[in-house]
Each structure stands twice: as structure tokens, then as C-alpha cells.
2 protein chains.
Amino acid sequence: MPATLQPKSQILNSLVRAFRRNGYDGASLSRLSDETGLKRASLYHHFPGGKEEMARAVLISANTNFQEAVLGALDQPGTPKQRLVAMAAALSNFYDGGKETCLLALMTTGEGREVLAPQVREGLTGWINTLASVLEQAGQPQASARERAQDAVARVQGALVLSRGLGDTKAFERLVARLPHDLLA
Amino acid sequence: MPATLQPKSQILNSLVRAFRRNGYDGASLSRLSDETGLKRASLYHHFPGGKEEMARAVLISANTNFQEAVLGALDQPGTPKQRLVAMAAALSNFYDGGKETCLLALMTTGEGREVLAPQVREGLTGWINTLASVLEQAGQPQASARERAQDAVARVQGALVLSRGLGDTKAFERLVARLPHDLLA
DNA sequence: GTCTATAATAGGATAGAC
DNA sequence: GTCTATCCTATTATAGAC
């Protein structure tokens, strides 16, 4: 029996989950099929380019989600400190308190890394640039604002690696709590 | 024709390279065979448990290499500052200036993550503990030394992710340069 | 200790019916 | 838009010769 029709956004969310849990190499078409509830051939109808096209679409989708949920907090009214605190909270929520992986980090390894590299870079630089502009608004010189923003993103990525590797999200929680203060110190 | 006999340590080094470049899922037996110069069946002679056993052995080997090359720098005579500077230099060398991946981080994803988790944790905690003990010797209270050591490891991991994702090792180089000072500040 | 040969399974992808 | 059926290749693993 055919699966019930579902909007493409819902298919994409399922694919995001699957890639996030398994990485590029681990996200086999069988798993993508199970996660979406669509047979392999149906996935090829939506994504004629196969797994590679799915991964590209997933990166675009996840990047959009991230911009709305996390970077959007930086566009709200308020002092830089308030906005950074809001971003930290959104960040914690986005990564489920450190239990979820970052798709961008995941996509830097595996078979698809070369083709996906431009989109990974775009996602990371967007994040860094948005963060840097807030720090500039807080009065930091452009060059140091940029470095701090880069370091902040690196600390988030590292905390996620450590939380996963240690099986303990304390490092991530501590980072989220300190990040707003550290960025403005 | 049979490959020339090679010591197990040399086989292991080849396997480390292959897993480091491809991750667990991407390190197929064909690639492991190519990298070692041994046919698949010969690999099963050395590692009857197959890929999983190879990954376990690779983690042990890489962990030993890391302890000797990087953590060993912390056991040399000198002030804490001098020893941390030596570690930072060894770190930069171990990760080829930010161009090489960390096997521990890589093994937190993919098919083998559950079985390899204990060894990944062991590698990370060994690193953290050694670093924390140096910070205690420098006069820091135990609790904050531990947190700082954890954060330092996280920053290294994050810098490696960022360097790979941006295709630019500046973030890693900057971290290595600042790490000794930041840890003692 | 290494090899060739082989088996069984899983992976990516396509054709064509409904 | 989804499906079944099929294809080819790659993957993991084993048996047994040398």
C-alpha cells in the first residue's frame, strides 16, 4: 500500500533526522526509506540526483531551520548581551542540550564531503558573520569580533564532540551558560 | 604475489591512516586492503573480528601514539607554561597544523560508535586528566582545573571541525598559539 | 602469513506498472 | 506520486590452497 501523501517539507525533516543520526556514509537508502516511509524509488522521484541531492537538500533545509531558530534570536530587539543570551538558549534547544549532532560537522567527513563542502562552508560562515556583526554592534573592533565569533562556533562544535564522546552533556551546558559573557568580555 | 612481510605495527599505522581519512563507515575493507597492501583475507588473519576489531586496535594504537607524542610533552621537566607550550607544538604537529582529523571525534559517529564508545571515552578522559593535573601543579583548584582541561580539549576538537569545514586552518593555528596562555590565565 | 575463489548480503540506481 | 521488480556493484566474511 502506498504511503499517505506528505508534503516535501515533511520528507525533508525525516531526511534531516536520518542524516543527522547516521552521517553521510551511514545514511543508506534503506535507512532514508525507513525514516521517510517512502520506498527507494519514491525518493528518487523527489530527488533524481539520488543520495547526493538528498544531502544537498538536507543541508539547505537544516541551514534554514538553524537561521530561523538560532540566528533569528540575534535579530530580536534588545542589548547585545540579551540577544546573545537568547541565542545561547536557542542553541541549547536546537542541539537538544548537547545530545544532538551538528549536521555541518558531520558532513565534513564521509564520501560526500567534497561535493557538500561549499554548503558546509556557507552554513558555518553565515553563523560566524551573524555573530561577528552583533559583537561589532557591541563595540568590538571588526577584526577581533570576527576571531571571537569563529572561536565561539569552534567552541560549540567542540562541546558537541566532547559531549558525544564522553556521553555527558555537561561540557555543552557549561559552554552555553558562559558563551554570552565570554563573547562580550 | 604475496606482499612483503611487514610488522603488525606497520599494518596498524596503515589502518590508522585509512580510518582517519574515511571514518568508520567509509573505511571499507577494500580501502583498508589498499592502504595496508594486504588482501582482505590477510586482514582477517590478523584481525579475526573483522572491521570492528581493526577499529578497536586502531583506537588503541592511535591513543598510544597520542600519549607519547602529545601528552609526553607534559611530562618533560620545566614550568607548567613551558610544558603547555611544548604540548601545543606537539599538538599542532600531531594534527598536521589542523589538516588532519581526530580519530576519537570521528569514531563518535557511524556504525561502530556504540562498541567503540568506551575506548573513545578513555582516550578523551586520559587527555583531560593529564592536562588537568598540569593545571593543578600550576596552582589551580582541582575543580576549575578539570573544567579548563575539558574546555581546552573541546576547543581543540572544535578548531579541527572548523578548519575542515572552512577549508582554512587559521582557527586551529590561532588556538594552538593561545592555548598555553589561556589555560594559565 | 598470504593468497585466490566464493558466498551472502547490502548498497545505489533505474524501468515501468498503477 | 508511489509502488514492485530488477540490475549492477560494493561490501563483509569465509574456505581452503600454497
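Please read these numbers as outputs of a predicted model, since none were measured by experiment.
- Protein atom CZ of Phe47(A) is 18 Å distant from nucleotide atom C1' of dT14(C), rounded to whole Å.
- Remark: P of dG11(C) and CE of Met54(A) are 13 Å apart, rounded to the nearest angstrom.
- Using a cutoff of 4.0 Å between basic side-chain nitrogens and carboxylate oxygens, Glu35(A) and Arg31(A) are not scored as salt-bridged.
- Contact check, His45(B) against dG1(C): a side-chain N or O comes under 4.0 Å of OP1 or OP2.
- Per the geometry, CD belonging to Glu53(A) stands 13 Å off C1' belonging to dA13(C), to the nearest Å.
- For the pair Met54(A)/Phe19(A), a side-chain contact is recorded, criterion being any heavy-atom separation below 4.5 Å from C-beta on.
- Following rounding to the nearest Å, Lys39(A) (NZ) and dA5(D) (P) show an atom-to-atom distance of 11 Å.
- Using a 4.0 Å cut-off between charged side-chain N and carboxylate O, Arg178(A) and Glu147(B) make a salt bridge.
- Phosphate contact (OP1/OP2 of dA10(C), side-chain N/O of Ser30(A), threshold under 4.0 Å): absent.
- Proximity of residues 9-22 of chain B to DNA chain D (heavy atom under 4.0 angstrom from any strand atom) is not detected for any residue.
- When the side-chain nitrogen and oxygen atoms of Ser42(A) are compared with OP1 and OP2 of dC3(D), one or more of them lie within a distance under 4.0 Å.
- Inter-residue side-chain proximity for Met87(B) and Val70(B) is flagged as met; some heavy-atom pair is nearer than 4.5 Å.
- Side-chain contact between Leu162(B) and Asp151(A) is absent, with no heavy atoms from C-beta onward closer than 4.5 Å.
- In this view, Lys170(B) and Asp168(B) satisfy the salt bridge (charged side-chain N to carboxylate O under 4.0 Å, His left out) rule, not counting sequence neighbours.
- As rounded to whole Å, 17 Å separates atom P of dT9(D) from atom CD of Glu111(A).
- For Gln137(A), the CD atom is densely surrounded, since the number of other residues' heavy atoms within 6.0 Å is greater than 12.
- One interatomic measurement links the two molecules: CG of Leu32(A) to P of dA13(C), which rounds to 11 Å at whole-angstrom precision.
- Salt-bridge check for Arg155(A) with Asp182(A): passed, with a basic side-chain N closer than 4.0 Å to an acidic carboxylate O.
- For the pair Leu38(A) CG and dT4(D) C1', the interatomic distance rounds to 15 Å; values are reported in whole Å.
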The contact string for nucleotides 13-18 of chain D, one letter per nucleotide 5' to 3', using protein heavy atoms under 4.0 Å with B, S and - for base, sugar-phosphate only and none, comes out as BBB---
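- In this structure, the side chains of Gln150(B) and Leu166(A) come closer than 4.5 Å at one or more pairs of heavy atoms.
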